[in-house]
Every structure is written in C-alpha cells, then in structure tokens.
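Atom set for the values below is all heavy atoms of this structure, side chains included, hydrogens, waters and symmetry mates excluded. Each chain gets a letter, A, B and so on, in the order its sequence line appears, and its residues count up from 1.
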2 protein chains.
Amino acid sequence: MNSGIKLLKMNMKKTHQSSAMMNIPLFHNLPGPSLKILQGILMEKEFSKGENIFSEGSESTGFYIIMRGRVKVYKLSPEGKEQILHIVGPRELLGAVSAFAGSPYPAHADAMEKTKALFFLQKDFLALVRKEPSVVMNMMANLAMRLQHFTRMIEDLSLKEVPGRLAAYFLYLCEQKGCSDIVEMDISKGQLASLLGTIPETLSRILRRLSEQGVLEVSGRRIRLINKKALKDIINGEKLRF
Amino acid sequence: MNSGIKLLKMNMKKTHQSSAMMNIPLFHNLPGPSLKILQGILMEKEFSKGENIFSEGSESTGFYIIMRGRVKVYKLSPEGKEQILHIVGPRELLGAVSAFAGSPYPAHADAMEKTKALFFLQKDFLALVRKEPSVVMNMMANLAMRLQHFTRMIEDLSLKEVPGRLAAYFLYLCEQKGCSDIVEMDISKGQLASLLGTIPETLSRILRRLSEQGVLEVSGRRIRLINKKALKDIINGEKLRF
DNA sequence: GGATATCCTTGACTTATGTCAATAATACAG
DNA sequence: CTGTATTATTGACATAAGTCAAGGATATCC
C-alpha cells in the first residue's frame, strides 16, 4: 500500500541502482550520461502481496521495471472470471506499452507476492528517448517477444482445447528448467487455470485424467512428466480419453 | 479501386514512391538522406489472390509494407482449422516483428486479394536503423497498437462467447465508419468466423438468432444494426436467447 | 450463359467445458 | 495446536459450440 521511495544516502543509492540497471535489457549499452539521467527520474516502489498496481482503463502515468517479486496482468469478464495475460517477473517491464502510447492501461495488474519495482514517469522517459532513441531499440525487442507470446496464446485459446494448453504449459516449463522430468508449478492451480483460460474445476478434472492415464503424476505443485510423447500428441489434437 | 503505380518513367517513379513513403507511419519525419537510403533498399512485389506470402516457421528474410490489397495473417490447427490473427491493409507492416527479432515468421500470411507490397531486406533495414534510430520509434507505435489488439483478442476468446465477439466486431465496424446503422462486412462470413475464433456453421446460427430477435438485419454482406443496446448487453455477458 | 466450384445455411447429434453445490484438503493466524 | 479461511476436488447437470452431412445459394470461369 505505501510505496515509498526509500530514504537512502544518495551515493549508496546511485551505486546500487546503477549496477542493477545495467542488467535490465531495456538499458543495455546505454552511454553513461543517459544512465545518469535515468537514475534521476526513477522512483522505487513497493507492493505487498495481492496489492493492485494499476487497473484497466486508468490513466497511465508511467511504467515499471520489476526488481523483485511477480505481478499478474489480467483481464476480468463482467461476471468476474479472470484471464491472466502474462506474469511479469524481475528485470521485466510492466505497463510500458501504455506509457509509450500514452493510452490507458489495457488490463489490471496485481502483485502476486511482495514486489519491489522501479517506476518511471512517462514524460521523463519520453524526454530521455528523444535524447537517446536507442533505448527504444531495446524496448522493441521486449515488445516483439510479448507479441510472440500473445500470438501463441491466441493460437492456443482458439485452436486447442484445455488439455492441449495444459500440456503445452508443462512442456514449456520442462524446457525452461533443465528439462528434467519433474517440473514445479510456480503458481497455484487456480491461477494456472486463469492463465490457461479455464476454471479450477476443469483443470482439476483434466489433471486427474492425465494421472489416471499414467501420463503424469501430481503431488502438490510438483508434477512428474511420465509420458512426454503423450503430451505432445495431446497438443497436436489427440483426444484425451477417460 | 486500382491505385497502382502505373508505368512511369524512372524519375517519375522515384518521386512517386517518395511521396508514398512519406505517408507510411513507419517513415514519418525521416530526414531526406535516410529516405534516399530507404528507396535504395526496397523492392516491389506483387501477389495474386490467395497466394501465400510466407508460412509459419519459415526463415524471415525481411518485412513488407502493404501498398494495395489485404493480407490475412493466421494460424492453423493440426486439423486445419484456421484462426486469423489480423488482417493487414495498405500502409501497414507485415512480418516486421520477425524481421526485427531475427526469428522465423510465427504465422502464415496469404494475400486475400491482388496485393502490391514493398519488401525490405532485414540486413538493409537494420543498417538503416543504426543510422537512424528514430525509425524504431515509429515502429514501436505500430507494435504497441498490435499488442493492444491482441490483448483485446485474448480477452474476447477466453472471456466472451461467440455472440459477444460478434457483437463487439459489429460495433467496432460501426465506429470505424461513420457509425451509421448499416455496416458492410469487408470479408466473407467464413473468414469472419475464422477471425472470431469459430466456424462458419456457428456464425451462421448466431446471425440467424440475432435476426429473429430483431437485433439486426442481414442481407448479404450488409448488416443493419437495429438494436445496438442489445449488442452491448451481449458483449457484457447477456445471454442470447433462442 | 451454363457448368462448376465455392460458400452459406440448416438439422440432428456429440462433446468439451462451464455452473452449482457439497465436501475434502491445505494454508494460515492467533 | 486449533480453528478459520482459503484452495482444491468431485459429482450431477446445463449448455455453448463443434462435427457430420445434406441441400441451397452465390460466385466464378470458360
């Protein structure tokens, strides 16, 4: 709730953030002077678990870079069903499109856990961009990635049924991590349902069917992938029997 | 209808293109020298109706700016069902994300009608960008718009049922044009189904129900919106009765 | 202009997934 | 540890939308 700018000694703060910022893709390869400007215009903010960061339709005053924690960006149906668009983690941008386009936020954003972020005011950032257009190059890469993510999401939602989306998600997790046969879901099942565009009940049933069929084994948030081939088949439209 | 660059003498041609390019958002406010470079690296290409421009997974060698005609960008399910991601028209970019990111095309693109386009080779364009980073600013605006489009699409696909998506589409068309009560569908019903993430049969049934209930009137591709309030209610989750 | 291919509509049927409600399991606070 | 709140599972049921198949309407091509 309280989002304060921490009161640190000036020098300490600068040094610390400078090294942090070098690791943020958006600010790679920035010349020193521009980095200095950056440090002058950012603000640290903190959000507690479940706290709303911004809401759909509200005016965007700027954008965030997440330093710690995770944020879910989601839409709500009139009846309250939620669809998670993406989950934003450390070193990633939040709300940048709106800030750049000067349009209102297109979705809600809530902190999923205690979250620390850097906040950039739109006008300050745009001023920087005019001085240093190459920043936008890095931003482009980020947007391009997000576009590809959305492309896949649309494909999934309209061309695949829930088992297919779930299978794709598990294999995705599997690739991310070392591709061992055990993957750890880093979100609750309810949230996973929302991410896959379905509801907890449906997800629960499908997980049970997959277990019964020996495709995988569930214990809490730990999933053991037993038959990856079967998962791939499901992604490719193979029906999941009862 | 036909707006083409007729067969003019060389000098004429250059002049013509130069002015054409000034109208493309991507190249707004470019200084003269950069414009000259641009003209050196572009190629004119033409596609006949139904012709494939690129396919999902194929290496991207560059991107297009559509000058005339329309192109559908779509995904295919293993069973052949198609989901149109967007329809690209004159003055718009095609395949730019892939070109920028250096990744393969993430979807298929077919000309929906006779289409004329300018083609830019990746490496040439990237060289230009290095000289003139401000081009990327304009590109950002394009990507930001597309992201918002996809955001709405995901919301629709997962939170609304087909009648809601259809209603949203009609009201969107209505706003685009002068918002008279008559809208002209500029694509076939089959294609519209694919755009809405459904199949022609379902679309047909829903159109009939909407007619029966006096919400609208269909005659060919001309739709008369009789009860816009009802359409808005449907978007907001109101059920469409039989 | 007639033949052919394509698109559109409609009906009967199946199925995936959402809804509602009740219980079980887990996490959390005092 | 114990009670409470949240989260997950399960069943019975409703329904939106897909499948299959057939007939009708349009567009298109020689």
Side-chain angles (χ1 to χ4, degrees), chain A residues 48-50 72 77-83 110 112-114 156-167 185-212 218-223 234-235 237-242, chain B residues 48-50 72 77-84 110 112-114 156-167 185-212 217-223 234-235 237-242:
Chain A
S48 46
K49 180 178 175 174
K72 69 171 173 186
S77 79
E79 300 88 29
K81 185 184 163 191
E82 104 182 6
Q83 166 73 49
D110 289 0
M112 299 175 75
E113 45 202 76
K114 197 156 173 290
D156 285 358
L157 285 173
S158 78
L159 300 178
K160 292 180 193 154
E161 8 197 72
V162 182
R165 298 176 224 161
L166 180 62
M185 298 194 310
D186 48 357
I187 52 179
S188 78
K189 287 183 186 165
Q191 297 286 283
L192 176 57
S194 162
L195 192 63
L196 298 177
T198 184
I199 55 175
E201 292 96 318
T202 298
L203 182 60
S204 193
R205 285 184 246 269
I206 290 170
L207 277 174
R208 180 154 57 99
R209 281 203 272 160
L210 285 169
S211 294
E212 283 167 5
V218 185
S219 58
R221 289 194 176 176
R222 190 157 268 134
I223 312 280
I234 290 171
I235 292 176
E238 193 78 37
K239 296 294 172 194
L240 173 59
R241 291 181 320 284
F242 287 86
Chain B
S48 46
K49 179 177 175 175
K72 70 172 173 185
S77 79
E79 299 89 30
K81 185 184 164 192
E82 105 182 3
Q83 165 73 50
I84 296 181
D110 289 358
M112 298 174 74
E113 44 202 76
K114 197 156 174 292
D156 285 359
L157 285 174
S158 77
L159 302 178
K160 293 181 193 153
E161 0 195 83
V162 181
R165 298 176 223 160
L166 180 62
M185 298 194 312
D186 48 357
I187 52 178
S188 78
K189 288 183 185 164
Q191 296 286 284
L192 177 56
S194 162
L195 192 62
L196 298 177
T198 186
I199 54 175
E201 291 97 317
T202 298
L203 182 60
S204 193
R205 285 183 246 268
I206 290 171
L207 278 174
R208 178 153 58 99
R209 281 203 272 160
L210 284 169
S211 294
E212 283 167 4
E217 242 169 46
V218 185
S219 59
R221 288 192 177 180
R222 189 158 268 135
I223 313 281
I234 291 171
I235 293 176
E238 194 78 36
K239 295 295 171 195
L240 173 58
R241 292 180 319 284
F242 286 86

Discussion item. Using side chain to side chain contact (heavy atoms under 4.5 Å, CB included), reason through B:Lys72 and B:Leu195 one step at a time and then give a plain yes or no.
Written reply: CA-CA 10 Å; B:Lys72 70 172 173 185; B:Leu195 192 62; over 6 Å; no
Worksheet, complete the sentence: Nearest heavy-atom contact between A:Met112 and A:Ile187 is CE-CG2, 3.6 Å
Fill in: Per-nucleotide protein contact string for nucleotides 13-25 of chain C (B base, S sugar-phosphate only, - none; heavy atom under 4.0 Å)
---SSSBB-----
Worksheet item: For B:Thr198, does its backbone N or O pair with a side-chain atom of B:Lys81 as donor and acceptor, under 3.5 Å?
Response: no
Worksheet item: Just how far, in rounded Å, is C1' of C:dT10 from CG of B:Leu207?
Response: 14 Å
Worksheet item: Mind checking what makes side-chain hydrogen bond (donor to acceptor under 3.5 Å, both in side chains) contact with A:Arg222, not counting sequence neighbours?
Response: A:Glu184
Worksheet item: Just the endpoints, please: which first and last nucleotides of DNA chain D, 5' to 3', lie under 4.0 Å from a heavy atom of chain A?
Response: D:dA8 to D:dA12
Worksheet entry | Pairs satisfying salt bridge (Lys or Arg N to Asp or Glu O under 4.0 Å), at least one member in residues 193-212 of chain A, at least two apart | A:Arg208-A:Glu212
Worksheet item: Just by distance, do the side chain of A:Ser211 and the backbone of A:Leu207 share a donor-acceptor pair under 3.5 Å?
Response: yes
Worksheet entry | side-chain hydrogen bond (donor to acceptor under 3.5 Å, both in side chains) partners for A:Lys160, two or more places apart | A:Asp156
Item to complete: Go through DNA chain C and write down every stem, that is, every run of at least three consecutive Watson-Crick or G-U wobble pairs with distances under 3.5 Å, as range with range.
Response: C:1-6 with D:25-30, C:9-30 with D:1-22
Response to the item:
Between the CG atom in B:Leu196 and the CD1 atom in B:Ile84, the distance rounded to the nearest 0.5 Å is 9.0 Å
Worksheet item: So, for A:Gly164 and A:Ile235, which heavy atoms are closest and what is the spacing to 0.1 Å?
Response: O-CG1, 3.7 Å
Practice prompt. Side-chain contact test, heavy atoms from C-beta onward, threshold under 4.5 Å: evaluate it for A:Glu82 versus A:Ser194 and give yes or no.
Written response: yes
